[in-house]
Amino acid sequence: MKTFFIWLFGIVICGFVGALIGEYFGERQVLGFVIGLVSFAFFKLLVVPERTDRYGTGGFDE
C-alpha cells in the first residue's frame, strides 16, 4: 500500500509542478503536466535502484 501512495502522490505532485513550469515558460499547462508525469515515471523506474530485500528472502538474488 505504501508503494501505491508513493506513486500516486509522486505523479500528482510532479504533474502539478510540471504545469507550473509550463505556465511560467508560456507553454500550455497540459503539456507541462504530461511532462511532469512522464518525468516522475522515468525517474522512479530507471534511476531509483530496485529494492531486493523487500520480502525477507533476499529477493531475486538467491
*If Ile, Leu, Val, Met, Phe, Trp and Tyr residues are connected whenever their side-chain heavy atoms lie under 4.5 Å apart, and connections chain through other members, are V38 and L46 in the same group?*
no
*Connected via hydrophobic side-chain network under 4.5 Å: L45 and I6*: no
*Applying side chain to side chain contact (heavy atoms under 4.5 Å, CB included), name anything that partners F16, two or more places apart in sequence or on another chain.*
L20
*asked:* Suppose we screen for side chain to side chain contact (heavy atoms under 4.5 Å, CB included). Which residues come up paired with F4, at least two apart in sequence or across chains?
replied: L8
*For F40, which residues count as a ring-ring contact (aromatic ring centres under 6.0 Å, His included) partner, sequence neighbours excluded?*
W7
